[in-house]
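Heads up: the structure comes next, in C-alpha cells.
Not measured: the values here are computed from a predicted model. The residues of the chain are indexed from 1 along the displayed sequence.
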Amino acid sequence: GVITHYLPAESRPDEPGKKAYVQDNIRNHAEMIKQVLGSRSNGKEAGHVYVCGDVLMGDAALTEIERAVGSFEFGEMENESRVHRDLFGVTLHTEELKSSASTAALSLTRRQSALSKTLRSAVITEE
C-alpha cells in the first residue's frame, strides 16, 4: 500500500501556540479517517492504522479512531490485523500504582515476619 495521509502532531513544539495532540488530529479528521479505514468500496482495499509512541497517547488515539469508524468496524480492523501498535511506557495509572505498591509492601512485610518467626523457631529448636 501507499501512505495516503499523514497527520503529524507535536505536544512540545518549538513555537508557542503550535501544540497539537494525535488524538485531536484524529478527532478533527474523523470523516476522512472513516473513509480511508472503513469499507472496501470502489475496489480499494481498506486502510491500516499505525500508532507509535507513548502508551497513553496510543490509548487516546485508538479510542478516537474507534469513535471515528465505529466499534464494529474497529473490531473488524483488529480481527483483520489492520490496527498496528508500537507503544511503550507504563500502563498502570496512579491509583493502580499505589495499590500495587501497597500490595507489594504488605507481601514483603508478611514474608519478613514469616522469616523472622522461622529464624526464631530455628534458634529455639537448636538449643
Reference residue H48; test side-chain hydrogen bond (donor to acceptor under 3.5 Å, both in side chains); the match among H84, E80, R82: H84

Hydrophobic cluster membership, with links at side-chain heavy-atom distances under 4.5 Å among I/L/V/M/F/W/Y: are V49 and V36 in one? yes

dist E66:CD -> F72:CZ (nearest 0.5 Å) comes out at 12.5 Å

Please answer: with hydrophobic residues joined when any side-chain heavy atoms are less than 4.5 Å apart, are I65 and Y21 in the same cluster? no

To the nearest 0.5 Å, what is the distance between CG on N79 and CZ on F74? 10.5 Å

Between atom CD of E76 and atom OG of S71, what is the distance when rounded to the nearest 0.5 Å? 12.0 Å

Carefully, step by step, assess E31 and K34 under the rule salt bridge (Lys or Arg N to Asp or Glu O under 4.0 Å). CA-CA 5 Å; E31 191 57 40; K34 183 177 182 174; 5.5 Å; no

Over all heavy atoms of both residues, which pair between A9 and A20 is shortest? Give the atoms and the distance, please. CB-O, 3.5 Å

Which atom of V51 lies closest to which atom of A61, heavy atoms considered: CG1-CB, 4.3 Å

Just do the side-chain contact (heavy atoms from CB on, under 4.5 Å) check on L62 and E64 with the steps written out, would you? CA-CA 5 Å; L62 291 168; E64 288 302 323; over 6 Å; no

Looking only at heavy atoms, what is the nearest atom pair of I33 and A68, with distance? CG2-CB, 4.3 Å

Under 4.5 Å between any side-chain heavy atoms of R85 and V83, yes or no? yes

Specify the closest pair of heavy atoms between L7 and N25, including all atoms of both residues, with the distance to one decimal. O-ND2, 3.5 Å

Which value, rounded to the nearest 0.5 Å, describes the distance between M32 atom CE and L37 atom CG? 8.5 Å

State, without any angle test, whether Q23 and T63 hold a side-chain donor-acceptor pair at a distance under 3.5 Å. no

